[in-house]
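Data block below; observations after.
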Amino acid sequence: MLLAHALRAINRRCWSTNERSVSSQPSRALTITCQGKPINREELFKYTNGRFLANEKKALDRRYVNFDVDRLCAVAASTGGQHSPVCAIEKLEGGFSKALLLCKEDGSELIAKIPFSIAGPPKYTTASEVAVLQYLHAHTQVPVPKVLAWNSDPSNPVSAEYIMMEKAPGIQLFKIWAEMSDWDQLCVVKQLTKLEGEMTEIRFPASGSLYLRESMVDDNKYVALDRGVDPSGQFCIGPSCERGWYAPAKIASVHSRLNQGPWPDLSSFGIALVDREIALLRQNLTTATSGPPCGSFEEQIAVLKSTKEAMSRLNESTFINKVSEPVLWHTDLHMGNIYVSEENPANIVSLIDWQSNVVSPLFLQARFPGFLPIEEYYSLGTTELPKLPQNYDEMDADDKEYAEYKLKEAKLAKVYELSSASENNQAYKALRIPSFVRELFIRCGEVSEEGIVPLRACLIEISKTWTDLGFIDQCPVSFSEDDLQRHERQFQEYRDYHKIHELARKILGTDFEGWITPQVDFATKQQQNEALLQEIMRRSAEYNKSPEEIRRIWPYLERSQT
């Protein structure tokens, strides 16, 4: 018993670094600012990087983090070499974490990252991000911030999970992109494919999240990395830290233990997704009347069981299985997460924000970077460069300027694709997997929120192309003509619902939560929201809805929250 007690104590300590015991930083003049303006400590804890058009209190509460400022400063003071007190804090924020730029009296600067409660599972989200940064820093040429101190136990003296890391050198890409030469932009895109190619070559034993082995506690399941890619034996693949596996309000009432990973193969991962959604549906957790058309409970269970049959076959030797090796990938490469050298903008010097990035099958990971979106008409798999629209000469000046902008964007996307073919050929092959195969996993994991209409659409496509995908035996999923006609009606209803939501997001310049940047007048945006709703209600027939139905499903109205 004494031995077991001691081992549990050691395990608990392993959630943090070998962080030295520090006392609270002595009270001194400490400047705290946000966007260049002085703020007090309470404002430091609050989320102030924007407003929300609907359910704002809930959105802000989920992003509120209280912590001991002085003790955080004390950690920073003793981190990174010679002891030096923190004299200034600049608050930065994202959608899932608070970032603080800590300036020390010796002129050095650190970044402290503190996750919001919505970032992912407590402990695991921080522990996994630390492991990813440490692994990439030690074993690859991928430039990432160096972790200096961290603690994933919120009961630590700072009273919150945190990661203390070096400030990324260089400048964020979005601040300099417009002034960069075409050649420098091309070099950045090509360098990304090389870095992604290096990550793709790492052989991971399973899908899940990357951790330091010392972070695994209690009954965590994990698989150690091979010594060929981890000579020190420090790292492992453990449970996924993706938010979908740890929605506390939902999972709390699910009695069956979910398989949160690691998953040794593609089928086990897909089956775990199905089992998770069935467990959630059986708890009757999706009773909202403002959501998309979901189908009846019986239909949802039936489609998920059919999906499970298809998932169970995915380990067979097909084109899909050949691009399903588990890989680490940065899935949120927008220009704010890419830093380039100010002296040589063609050179990437840091990739930041690896929170919630997991090890997952390659064809689910590989994607064009966020700043190189491809349109529906983009021709994947050809070497022909995109061209201006045929009616370009007939356009007015504004339309011509936009067409030229989209052409340049499409050309850079083609550069990314062709460079992937030479620098990261497995990912290039994965990009060419039919989209409905990727969507099968995405839509399966959304059934408890989005219903089964888009998932069934994927199954229909898979049943049509089963042999073309390389399967030998008969497809386990089939649909009658009546099934297809009923699905088409439901899919049209689903499409109409999302058309309204997409229109609202596009015109209002927001996201699914209704987030509005602080640079925009919020009162004006609220008026635009109401005016747009009234206009869509007036034209409701164009969306096959009544005015009352439009209001019921409008995404940016205050609704009771449970």
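Hydrogens, waters and symmetry mates play no part in the numbers below; they use all other heavy atoms, side chains included.
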Could you check if a side-chain atom of [X] sits within less than 4.5 angstrom of a side-chain atom of [Y], using non-hydrogen atoms only?
| X | Y | value |
| --- | --- | --- |
| L469 | P434 | yes |
| S312 | I271 | yes |
| I462 | L440 | yes |
| L136 | L328 | yes |
| R243 | I118 | no |
| P361 | P326 | no |

Self-check item: Partners passing salt bridge (Lys or Arg N to Asp or Glu O under 4.0 Å) against K91 (at least two apart in sequence or in another chain)
Solution: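 K91: salt bridge (Lys or Arg N to Asp or Glu O under 4.0 Å) contacts with E93.
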Are there more than 12 heavy atoms of other residues, nucleotides or ligands under 6.0 Å from atom [atom1] of [X]?
| X | atom1 | value |
| --- | --- | --- |
| K146 | NZ | no |
| Q82 | CD | no |
| K406 | NZ | yes |

Quiz prompt | Matching residue for P205 among V359, I237, D226 - test: side-chain contact (heavy atoms from CB on, under 4.5 Å) | solution =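 Of V359, I237, D226, side-chain contact (heavy atoms from CB on, under 4.5 Å) with P205 is met by I237 alone.
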Before we go on, tell me: are the rings of [X] and [Y] under 6.0 Å apart, centre to centre?
| X | Y | value |
| --- | --- | --- |
| F363 | F441 | yes |
| Y135 | F235 | yes |
| F45 | F67 | yes |

Classify the side-chain pair [X]/[Y] by whether it contains a donor and acceptor separated by less than 3.5 Å.
| X | Y | answer |
| --- | --- | --- |
| Y428 | E423 | no |
| T331 | N357 | yes |
| T318 | E316 | no |
| S448 | E277 | yes |
| S267 | D265 | no |
| S341 | E343 | yes |
| Y339 | N347 | no |
| S159 | D68 | no |

Quiz item: After noting the C-alpha distance and the side-chain angles of Q365 and S360, does the key distance pass the side-chain hydrogen bond (donor to acceptor under 3.5 Å, both in side chains) rule?
Solution: CA-CA 7 Å; Q365 299 274 63; S360 193; 4.8 Å; no
Quiz item: When you look at I374 and L380, which way does the side chain to side chain contact (heavy atoms under 4.5 Å, CB included) test go after all the steps?
Solution: CA-CA 9 Å; I374 60 173; L380 186 65; 5.6 Å; no
Quiz item: Could K414 and E384 be called an ion pair, given the rule that one side-chain N must be under 4.0 Å from one carboxylate O?
Solution: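 E384 and K414: not salt-bridged.
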Self-check item: SB check R62 E513 (cutoff 4.0 Å)
Solution: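 E513 and R62: salt-bridged.
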Quiz item: Under the salt bridge (charged side-chain N to carboxylate O under 4.0 Å, His left out) rule, what pairs show up with a residue in residues 189-200, not counting sequence neighbours?
Solution: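 Every candidate salt bridge (charged side-chain N to carboxylate O under 4.0 Å, His left out) pair involving residues 189-200 fails, so no pair, neighbours aside, qualifies.
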Self-check item: Worked verdict on E109 versus L101 for side chain to side chain contact (heavy atoms under 4.5 Å, CB included)
Solution: CA-CA 7 Å; E109 296 178 322; L101 174 61; 3.9 Å; yes
Exercise. Assess whether side chain to side chain contact (heavy atoms under 4.5 Å, CB included) is satisfied between T126 and Q355, documenting all intermediate values.
Key: CA-CA 7 Å; T126 296; Q355 185 182 77; over 6 Å; no
Quiz item: Of the options F204, W245, Y222, which is the one that meets W263 in a ring-ring contact (aromatic ring centres under 6.0 Å, His included)?
Solution: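 When F204, W245, Y222 are each tested with W263, the ring-ring contact (aromatic ring centres under 6.0 Å, His included) holds only for W245.
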Quiz prompt | Exercise: identify the closest heavy-atom pair between L30 and V86 | solution =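 Reported closest heavy-atom pair: CD1-O, 3.6 Å.
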Quiz item: Q191 and A346: which non-hydrogen atoms are nearest, and at how many Å?
Solution: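 Where Q191 meets A346 most closely, the heavy atoms are OE1-O, 3.4 Å.
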Exercise. Kindly determine whether F371 and Y416 satisfy ring pair (Phe, Tyr, Trp, His ring centres under 6.0 Å), including the steps that lead there.
Key: CA-CA 11 Å; F371 66 95; Y416 175 84; 8.4 Å; no
Self-check item: Verdict with supporting geometry, K113 and D353, side chain to side chain contact (heavy atoms under 4.5 Å, CB included)
Solution: CA-CA 10 Å; K113 186 173 184 180; D353 194 6; 3.1 Å; yes
Self-check item: Selection residues 430-445 - residue pairs positive for side-chain hydrogen bond (donor to acceptor under 3.5 Å, both in side chains), sequence neighbours left out
Solution: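 Listed once each, the pairs are E439-R443, R443-E446.
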